[in-house]
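Encoded as structure tokens, the structure appears first; notes follow it.
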Amino acid sequence: MAATSAQLERKGAKDGVCTEFTVFAKIKAGHAEALREVLAELTAGAADMSARAALREIGTLHDARHVMFDNDTRFMFASVFDGTWDTYIDDFGKTVVGERFDMVFRHCEGFPGIADPGIKDWFLERQAPAGVFVSSYPDLTVQQIWKDQRVNEAFQEVLDTPEFREALDNPANAALKATPAFQKLMKEAQA
Amino acid sequence: MTAATGLSGAGVGIEIDDIQSGALRPRPVPYEGEFNFLRVDDRHAGRALLRRLIPTIGGGLAGPDPSRDAWVAVAFTYQGLRALGVPQESLDSFSRPFREGMAARADQIGDVGESAPANWEPPFGTGEVHIAVSALSTDAARLAKALERARVAFHETPGVELIWQQEVRQLPTGRTTFGFRDGISHPNIEGLGLPGSNPREAPIKAGEFILGYPCETGGLPPMPSPDVLGRNGTYVAVRKIHTKAAAWRRYLRANTSGAEDEALLAAKMVGRWPSGAPLTLTPEHDDPELAADPHRNNDFLYRENDEQGLRCPAGAHIRRVNPRDAAIIGDARMHRLIRRGTTYGPPLPEGVLEDDGADRGLVGVFIGAHLERQFEFIKAEWVNDGNFIGYPGEQDPVAGHHNGTGSVTIPEKPVRRRLRNLPSFVATRGGEYCFLPGLRALRWIAELQD
């Protein structure tokens, strides 16, 4: 066990702050239908809500997809994480994220369970690195994107208030308006 | 069985007397200590030394009078266990970071630039550090007595070489070289009978700190084999950190408007005032009385009263390395650590802003059953980055390696304060990953045949 993990390296392709993580597993014989049901269940109603909550909880996952292929004999999990996928793997084991992993991967051959000490090795053995991985926002973590979204929404709301217009016309704010930083902000406000 | 079930225990029998005192006992106040590194050139000599050391190694928690305490602890690097002839199969069963050694993990834990292993003080990172013998006591006389036999053994055992020595002691101020009281926080470990310093912390499973017991995952931590070697042992990261006390003072001076502001900025970076009083409990000014009360000086969480970090910034040193119940990425309970800092070198005299060239800093000891998930995780995610608290790329203001480009965000109304161009206030002088075995395991190593 120890010897194996020594030979395995984290090998996802990296672009900026993100790493892609793609895993290919074999679906257990006779489990395809059950797996399909789990996947459908995870995207429906309450489970979907809990998925959103789970993504909030992870806070480092940009996106993820579960794909059954090869005549329902194989399964792909493809995802993009800030940093590396395994940083928080032990933390996931204690959360709703871990439950979701367990629900899905238990239909794959050899899956030891998300809380098993050998879980990293199981994933590493099934990971295939992307030949090409590019991101349109290589400098932004999920946390940064959320923050940017919150700030922009709040900024747009400020622009919609008549008080802001009045403040711009107020000579008392001339010094602020003249700063390059504020002019940059106003350029974003023009369109 | 000699198991002593602790007061706060939930029926978990922990063999407390088989665990080296150096693993669990909080640092005394005041303290005197010493670290010795030995190289084993002959495994038989190494085992002979160990047999002489064993009677001096303390086990269990403090006696009835902890103020008269002294203890010696012995730990081994991977190279050390190899030099002592521990079988390869057993060596392979240790955790990967331990087998590779701290120097090999420099990129992961951020020991780069001036802190890179290439710049370390020998014998750190050379593979020659085999055995680490440390001792800690309340005063120099007790320390000398505790170390008496060990010192004789070092010098009288040919085939074993004493290659490095470092004295540590509390400064007359009772504070670190940066001017802050430390050694306040200690985790609440289940079943130990040693209360944690924060009454609001739910007990952490013993397996987070000692091998052979269930950990926070619900399972048993991966343990080296054979059982006798792994059980009641733990991993220790030992680091010598040089502190740039003058640079620290200069930065504070240059970025503040007066003495009061300077004290506040320093506290915002640390998370406590110089006395040790936590910002979350006393955000406006220091409170030495609060700091002196062991029942109150660590009795706080963040979520209820300080979620935004308006009192103690999310990026402050103490909040990063122990986020308690604050909203962060992941689960803080999976990343607890016993940390014991001890100071070396002279203090920088009060008021001095220019570097006097003296070497000063701390020898830090970080103890846990999972090097990767605890020490290395905390370094990489919590100290060397800020993504987990929503400040990607921002490092620990005190312990980060900023290199002149660091920034610190301090929440404030109406607008947060952001400091830029932080220099590094620390540099790693060296470090080693060690294994601190239980007492039975020590005897097992000492009695190895061939």
Side-chain angles (χ1 to χ4, degrees), chain A residues 1-10 16-19 54-62 81-98 102 112-121 124 137-151 176 181, chain B residues 78 88-100 104 107-108 205 207-208 211 214-225 230 314 323 327-335 369-370 372-374 376-382 384-394 409 416:
Chain A
M1 181 194 80
T4 357
S5 81
Q7 287 146 19
L8 293 166
E9 293 295 337
R10 298 165 185 163
V17 295
C18 306
T19 314
L55 288 175
R56 284 263 146 211
E57 199 177 319
I58 299 176
T60 61
L61 175 62
H62 288 256
F81 282 92
D82 291 320
T84 55
W85 67 277
D86 59 336
T87 308
Y88 288 96
I89 192 82
D90 295 311
D91 300 47
F92 295 166
K94 294 181 72 181
T95 63
V96 58
V97 184
D102 267 335
I114 194 75
D116 189 275
I119 188 64
K120 277 194 193 186
D121 291 344
L124 285 170
Y137 47 87
D139 300 327
L140 297 178
T141 66
V142 172
Q143 296 294 322
Q144 194 64 55
I145 290 165
W146 287 343
K147 172 87 174 177
D148 292 354
Q149 189 181 7
R150 290 194 303 269
V151 170
L176 172 67
Chain B
Y78 174 81
Q88 190 61 45
E89 191 191 350
S90 178
L91 292 172
D92 290 342
S93 68
F94 282 83
S95 79
R96 180 177 174 173
F98 175 75
R99 284 182 279 123
E100 294 184 353
D107 284 345
Q108 277 106 314
K205 294 284 179 203
E208 290 296 308
L211 294 165
C215 64
E216 286 289 320
T217 64
L220 286 167
M223 189 170 86
S225 62
I328 58 164
I329 295 176
D331 181 350
R333 292 172 60 81
M334 301 292 280
H335 313 283
H370 310 80
E372 222 170 341
R373 165 149 76 73
Q374 295 169 320
E376 291 196 337
F377 176 97
I378 291 171
K379 280 291 290 173
E381 299 299 316
W382 291 358
N384 298 337
D385 195 1
N387 195 51
F388 79 114
I389 44 173
Y391 301 127
E394 216 165 81
T409 304
R416 94 281 184 276

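Numbers restart at 1 for each chain; the letters A, B, ... are given by sequence-line order, proteins then strands.
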Checklist entry - Is the backbone N or O of B:D331 less than 3.5 Å from a side-chain atom of A:D91, with the two atoms forming a donor-acceptor pair by type? => result yes
Checklist entry - Checking heavy atoms, do the side chain of A:D116, its backbone, both or neither come under 4.5 Å from chain B? => result neither
Checklist entry - For A:L140, is it the side chain, the backbone, both, or neither that has a heavy atom closer than 4.5 Å to a heavy atom of chain B? => result neither
Measure the spacing between [atom1] of [X] and [atom2] of [Y] and express it to the nearest 0.5 Å.
X	Y	atom1	atom2	result
A:K120	B:E372	NZ	CD	4.0 Å
B:R373	A:I89	CZ	CD1	12.0 Å
A:Y88	B:M334	OH	CE	12.5 Å
A:T141	B:I329	OG1	CD1	7.0 Å

Checklist outcome for this item: Only one of A:T60, A:T87, A:V17 passes side chain to side chain contact (heavy atoms under 4.5 Å, CB included) with B:N387, and that residue is A:T60
Item to check | Sole candidate of B:C215, B:P222, B:P221 that passes side chain to side chain contact (heavy atoms under 4.5 Å, CB included) when paired with A:P117 | outcome: B:P222
Next on the checklist: Just so I know, are the side chains of A:D90 and B:E216 near enough to count as touching, which here means a heavy-atom distance under 4.5 Å?
Outcome noted: no
Next on the checklist: Can you tell me which portion of B:H335 sits under 4.5 Å from chain A's heavy atoms? Options are side chain, backbone, both or neither.
Outcome noted: side chain
Checklist outcome for this item: Between B:G390 and A:Q143, the two heavy atoms sitting closest are CA-OE1, 4.1 Å
